[in-house]
Protein chains: 2
Amino acid sequence: MAVRDRRTPVARGGRGGRPTLEQVAARAGVGRGTVSRVINGSDQVSEQARTAVERAVAELGYVPNRAARALAAGSADAVALVIPEPETRLFSEPYFSDIVRGVSAELAETDKQLLLTLIRSPRERERLAAYLSADRVDGVLLVSVHEGDPLPEMLAAMGLPAVLNGRRAAGEAVPFVDSDNTGGAQAAVEHLIGRGRGAIATITGPADMYVASCRLAGYRQALKAADREEDPGLVAVGDFTEEGGRRAMQELLERRPALDAVFAASDVMAAGALQVLRAAGRTVPDEVAVVGFEDSPVARHTDPPLTSVRQPTEEMGRAMVRVLLDGIAAKDATRERHVVLPTELVVRASG
Amino acid sequence: MAVRDRRTPVARGGRGGRPTLEQVAARAGVGRGTVSRVINGSDQVSEQARTAVERAVAELGYVPNRAARALAAGSADAVALVIPEPETRLFSEPYFSDIVRGVSAELAETDKQLLLTLIRSPRERERLAAYLSADRVDGVLLVSVHEGDPLPEMLAAMGLPAVLNGRRAAGEAVPFVDSDNTGGAQAAVEHLIGRGRGAIATITGPADMYVASCRLAGYRQALKAADREEDPGLVAVGDFTEEGGRRAMQELLERRPALDAVFAASDVMAAGALQVLRAAGRTVPDEVAVVGFEDSPVARHTDPPLTSVRQPTEEMGRAMVRVLLDGIAAKDATRERHVVLPTELVVRASG
DNA sequence: GAGTAGAGTGGGAGCGCTCCCAGAAGTGAT
DNA sequence: ATCACTTCTGGGAGCGCTCCCACTCTACTC
């Protein structure tokens, strides 16, 4: 049925000379405006015209030219996902891949494109804001931005909507989507308390990282809720690495040999702690229970498998897109936009 | 010094009214054509005009509008990275993240954009080729396409250059970048032979997967090179999952209790094998040496850590882009384009 | 001194859309 | 029948580039 229409002159550019809106209009016997209206779902179109256009679109296999559309409309129909290169380790964690999956899924419904941008040098970072704002994207999703990074503020200054995955600090001004780190940590520690653990230690992240302080806060809240005194000797600082987890565990064992539980602010640190515990001859979970955070694959592969706090990562990706689209659509750039999603404790053998 | 020039009327579209080529031309006191030539690095420009333009560009903070450029030039200045959704597990492996890093790095030098496209339904896959070809991208990078997937052929039919990461079958017609699976496997097995192992078993992937057959071929070549007879009882088929690795190992132990080494076609399967070996009371590497493939993080976290075959993943990403750009630039779409990169054996405690 | 190359340049003509403004056609009230 | 709406519609005027043609200069040749 698909009649190949060759009457219209084949344009210069474009691989394979795809049909244009004008050709669709001609075939449907309507004007360009009407076709445009149909394509963009305006309701100011008669049923008759609409069906004619839809047929022509189908017959011609018409797909709108994105560049032309972006140029004419002054919008980009694209969103950038920006990742600082040093963080690409993140990239290899399901955490990140889940976020991307969520982002992609949510975006698919809006037919905006997803641009992936890794920043690998300070120079690139400098140019980034200018590039991004040059009509190339409608908004920016920023993954794992550190406190003190000026990027979000630069984007804001250029009027480019942005969303962070996670707060940089308590009073985060830029729109963000975060998981309930405090609540998750609290649940983890309450779980430990519920299992009758008495001396519960914690391995935290660097004090200047907001996530770390939230998870520590959750630990404290759980203790307080159970009416327990907090023992500073049961708190050791790690750096979210396995080695850091080992050092912290070592320290804890020296300071409080009688501890019978550890809540680590990340699975990787928990894995390090497990090694030290084993080396010290402590059995897990019999003598010492261990709980991690993030529910990364590491958690499933340690021996014993780690009880951990799962974050709704895919949903976070989706939420980031929703928050971003909201910001793009709205004029009031000032309104605070953010979402905090609940976590879930996944109980495994370690505690 | 940057004088804000407000003489020119602020255009309707575009967030923040960024300067246009025309404004740069006016400021530099030249014509649009000359500015365009400077921007695009033509040598048909006098030194004087060039510096004038460069100054104006710097002063105005001019960044070309991608949409306009794409529209006028008929090219997209973008490349798509397409990932079938069921494969997003891949996504969480460093293998993939390294590829993306390589792709991104190589692309950064060409100022083409990277579009990330996950295919999550057959319907999306159908529409994909049409969408991609609608001037949206200049080429496509396809990750983990299975044998029998029509996508590469569809793209070829539309004249859209594509590159695969890995061959789908022996005589792969579509341009690809692959690692030397056969050579890597051979090196792994030769390593085992060199360590004096006598009964070397292998856990392969599904017979219909080309990677699997290559790695099996490497296993065989190593045996042959050492003048050893191949024992079919030492070959078990897995499916690249941990569970598959366990089953295969079980099978091997039952068939050939005397085996003293195992080469698994993936780290994940090797990890499964380790579990079974331990359960069976065999020590690794004393009684049985185990070698994996891929050098994924799993390899570092098993007990003992796995000897494995590392692939130059980041370089594969870079190579994919180079091959793709070559295909985009060339007219002769027929020419065969591919790269096969060498692997490297990483020796750890398991064998 | 006329003739011929270049090198360098300006700017018109699009690229394929969206926006928007007139105007046509239809509907109901007067 | 007239007027005032409302609903639909066509198509002009851009969006900011690249392409390319025509033109101006200068330099060199015979």
Side-chain angles (χ1 to χ4, degrees), chain A residues 8-53 57 60 62-77 111 133-136 138, chain B residues 8-53 57 60 62-77 111 133-136 138:
Chain A
T8 30
V10 173
R12 157 177 59 99
R15 205 177 298 281
R18 304 198 52 81
T20 70
L21 190 149
E22 188 112 34
Q23 292 172 31
V24 173
R27 181 176 201 96
V30 300
R32 266 179 15 254
T34 301
V35 176
S36 178
R37 268 168 234 127
V38 172
I39 300 288
N40 295 293
S42 158
D43 55 355
Q44 291 291 82
V45 184
S46 66
E47 205 45 56
Q48 187 191 12
R50 163 166 286 116
T51 56
V53 169
V57 165
L60 258 29
Y62 171 74
V63 178
N65 178 314
R66 229 188 178 93
R69 181 178 264 181
L71 180 56
S75 76
D77 264 10
D111 102 317
S133 77
D135 293 8
R136 277 143 135 120
D138 298 323
Chain B
T8 31
V10 172
R12 156 178 56 102
R15 203 177 299 281
R18 306 199 49 83
T20 69
L21 192 153
E22 188 111 33
Q23 291 172 31
V24 173
R27 184 177 199 94
V30 300
R32 269 179 13 258
T34 301
V35 177
S36 178
R37 269 168 232 128
V38 171
I39 301 289
N40 295 291
S42 158
D43 54 357
Q44 291 290 82
V45 184
S46 67
E47 206 44 55
Q48 188 191 11
R50 163 165 285 116
T51 56
V53 169
V57 165
L60 257 29
Y62 171 74
V63 177
N65 178 314
R66 233 194 174 88
R69 182 177 262 182
L71 181 56
S75 77
D77 265 8
D111 101 317
S133 78
D135 292 6
R136 277 146 137 118
D138 298 323

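Sequence lines set the chain letters: A, B, ... in the order given, protein chains first and strands last, and positions in each chain run from 1.
Here the closest heavy-atom approach between residue A52(B) and residue A28(B) is recorded as O-CB, 3.7 Å. Smallest separation of non-hydrogen atoms from A67(B) and A70(A): CB-CB, 3.7 Å.
In this structure, the separation between CZ on R37(B) and CG on D43(B) is 11.0 Å, given to the nearest 0.5 Å. Between atom OH of residue Y62(A) and atom CZ of residue R27(A) there is a gap of 14.5 Å, rounded to the nearest 0.5 Å. Note that the CZ atom of R32(A) and the CD atom of Q23(A) stand 13.0 Å from one another [nearest 0.5 Å]. From D77(A), atom CG reaches atom CZ of R69(A) across 6.0 Å, with rounding to the nearest 0.5 Å. Atom OG1 of T34(B) sits about 11.5 Å away from atom CD1 of I39(B), to the nearest 0.5 Å.
Between dT18(D) and S36(B), a contact under 4.0 Å exists linking OP1 or OP2 to a side-chain N or O. OP1 or OP2 of dT18(C) lies within a sub-4.0 Å distance of a side-chain N or O belonging to N40(A).
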When you check every protein heavy atom under 4.0 Å of nucleotides 7-12 of chain C, what one-letter string (B, S, -) results, 5' to 3'?
-SBBBB
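dG16(D) atom C1' lies 14 Å from atom CG of D77(B), rounded to whole Å. Across the protein-nucleic acid pair, R18(B) atom CZ and dC15(D) atom P stand 17 Å apart, rounded to whole Å. The distance between atom CZ of R69(B) and atom C1' of dG14(C), rounded to the nearest whole Å, is 18 Å. Taking atom CG of N65(B) as the reference point, atom P of dC17(C) lies 16 Å away to the nearest angstrom. When rounded to the nearest whole Å, the span between CZ of R66(A) and P of dC17(C) equals 13 Å.
Between V24(A) and V30(A) there is no side-chain heavy-atom pair separated by less than 4.5 Å.
If you check dG16(C), dG14(C), dT18(C) against the side chain of L71(B), the one that comes closest is dG16(C). Relative to the side chain of Y62(A), the nucleotides dG16(D), dC17(C), dC19(D) differ in distance, and dC17(C) lies closest.
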Nucleotides 22-26 of chain C: which of its N/O atoms have a protein N/O under 3.5 Å away?
none

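Evaluation of the side-chain contact (heavy atoms from CB on, under 4.5 Å) rule for A68(A) yields N65(A), L71(B) as partners, not counting sequence neighbours. Considering only residues two or more places apart in sequence or on other chains, Q48(A) meets the side-chain contact (heavy atoms from CB on, under 4.5 Å) condition with S46(A). Applying the side chain to side chain donor-acceptor pair (under 3.5 Å) criterion to S36(A), with sequence neighbours excluded, gives N40(A).
The C1' atoms of five pairs define one axis at each end of the helix from dG1(C)-dC30(D) to dT30(C)-dA1(D), and these two axes lie 50° apart (to 10°).
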